[in-house]
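In what follows, a structure is listed as structure tokens, so that the remarks can point back to it.
Along the sequence shown, residues are numbered consecutively beginning with 1.
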Amino acid sequence: MNRLLPNMLLASTMLVLAACASTAPRAGTAADTTLKKPTAATPAPLPAEDVAKYRPVFAAPKAAATAPAVAKTAVPPTNQVNAQVEQRLRDQAYTNQNVKYAQGYRVLVYLGLERDKVMAIRRAIIGRYPDETDYITFKSPVYRLYIGDYLTKLEAARGLARLRGLAPKLELEATQVLLNKNP
């Protein structure tokens, strides 16, 4: 049996080499690159159509007379709207102070059944990043740990990159986030 295996390998290798040699072009003959006459199987290529007669023709632009350039003077405004604009901006700022939530992203750090594990991951993250806000939700029997309040997906991706290695599985979740209001 041990003698038969090398012979079989040698025979199969020889067959592969023979097949390759029979399909390769011969060194003495050049490839046929002459233009063949069309046959019934291959129709003749269509001649290129002259489309120049369909193209629009435009007259060359006339050279403008070189008149001396007239300097434009600034016209002072007659009606000032600054007071109205300022009032609208103040109204909008007052309205924006009352907004507490916005559409944003949080990083889902843990999703599972073990309370001890979620608390350990939370302690590890808060120990390293004390400024991050954390949210633990419990909907029987599942614990979820969310980190951060990010307004843009780019900020959330940066936060996710910082948390990599502190939790086994991280993912972004679109949700309503709390806006930080600093007086």
Side-chain angles (χ1 to χ4, degrees), residues 1-25 31 42 45 51 72 74-183:
M1 179 68 178
N2 288 342
R3 254 186 186 177
L4 188 58
L5 187 61
N7 289 337
M8 287 176 53
L9 287 175
L10 182 62
S12 63
T13 306
M14 293 302 282
L15 284 174
V16 169
L17 289 175
C20 289
S22 68
T23 59
T42 60
V51 293
K72 293 185 179 182
V75 178
T78 55
N79 293 331
Q80 294 289 335
V81 291
N82 289 343
Q84 294 170 350
V85 171
E86 290 296 326
Q87 182 60 41
R88 297 258 171 132
L89 288 173
R90 280 193 298 272
D91 292 345
Q92 188 65 44
Y94 178 75
T95 304
N96 288 345
Q97 286 176 349
N98 296 328
V99 176
K100 299 207 183 308
Y101 297 97
Q103 198 61 29
Y105 298 90
R106 288 188 179 144
V107 179
L108 178 63
V109 176
Y110 179 79
L111 174 70
L113 304 174
E114 300 175 27
R115 183 178 189 277
D116 295 335
K117 191 169 183 177
V118 74
M119 294 308 278
I121 293 172
R122 178 186 174 271
R123 280 191 298 274
I125 291 171
I126 297 301
R128 182 173 279 182
Y129 304 106
D131 294 339
E132 291 287 348
T133 54
D134 63 297
Y135 302 92
I136 296 177
T137 60
F138 175 71
K139 203 178 253 186
S140 184
V142 178
Y143 288 94
R144 288 182 173 87
L145 173 63
Y146 297 98
I147 300 293
D149 287 318
Y150 304 107
L151 291 177
T152 65
K153 198 166 191 174
L154 180 62
E155 290 175 0
R158 287 180 184 149
L160 187 136
R162 278 191 312 195
L163 297 174
R164 226 174 269 293
L166 296 175
K169 183 180 176 187
L170 303 171
E171 62 184 60
L172 291 181
E173 196 167 293
T175 185
Q176 213 175 34
V177 296
L178 182 67
L179 294 175
N180 292 333
K181 296 293 181 182
N182 295 330

Write out all pairs satisfying side-chain hydrogen bond (donor to acceptor under 3.5 Å, both in side chains) with one or both partners inside residues 144-159, taking only residues at least two apart or from two chains.
-> Arg106-Asp149, Glu132-Tyr150, Thr133-Asp149, Tyr135-Asp149, Tyr146-Glu173
Please identify each residue that fulfils side-chain hydrogen bond (donor to acceptor under 3.5 Å, both in side chains) with Gln103, with sequence neighbours left out.
-> none
Interatomic distance, Arg128 atom CZ to Asp131 atom CG [nearest 0.5 angstrom] | 14.5 Å
Just grab all the side-chain hydrogen bond (donor to acceptor under 3.5 Å, both in side chains) pairs involving residues 108-127, residues at least two apart or on different chains.
-> Arg122-Asp134
Show me the donor-acceptor pairs within less than 3.5 Å that the side chains of residues 85-93 make with the rest of the protein, sequence neighbours left out.
{"unit_1": "Gln87", "atom_1": "OE1", "unit_2": "Arg90", "atom_2": "NH2", "d": "2.8"}
{"unit_1": "Gln87", "atom_1": "NE2", "unit_2": "Asp91", "atom_2": "OD1", "d": "2.9"}
{"unit_1": "Gln92", "atom_1": "NE2", "unit_2": "Asn96", "atom_2": "OD1", "d": "3.2"}

Kindly give the heavy-atom pair with the smallest separation between Pro168 and Ile121, and that separation in Å.
-> CD-CD1, 4.2 Å
At what distance, to the nearest 0.5 angstrom, does CD of Glu171 lie from CG of Leu111?
-> 7.5 Å
Option from Leu145, Ile136, Leu166 for which side-chain contact (heavy atoms from CB on, under 4.5 Å) with Val109 holds | Leu145
Keeping to residues at least two apart or across chains, list the ring pair (Phe, Tyr, Trp, His ring centres under 6.0 Å) pairs with something in residues 86-105.
-> none
Can you name the nearest heavy-atom pair linking Leu151 to Ala102, along with the distance?
-> CD2-CB, 4.0 Å
Look up atom NZ in Lys169 and atom CG in Leu108, then write down how far apart they are to the nearest 0.5 Å.
-> 8.0 Å
Shortest non-hydrogen contact from Leu113 toward Pro141 | CD2-O, 3.2 Å
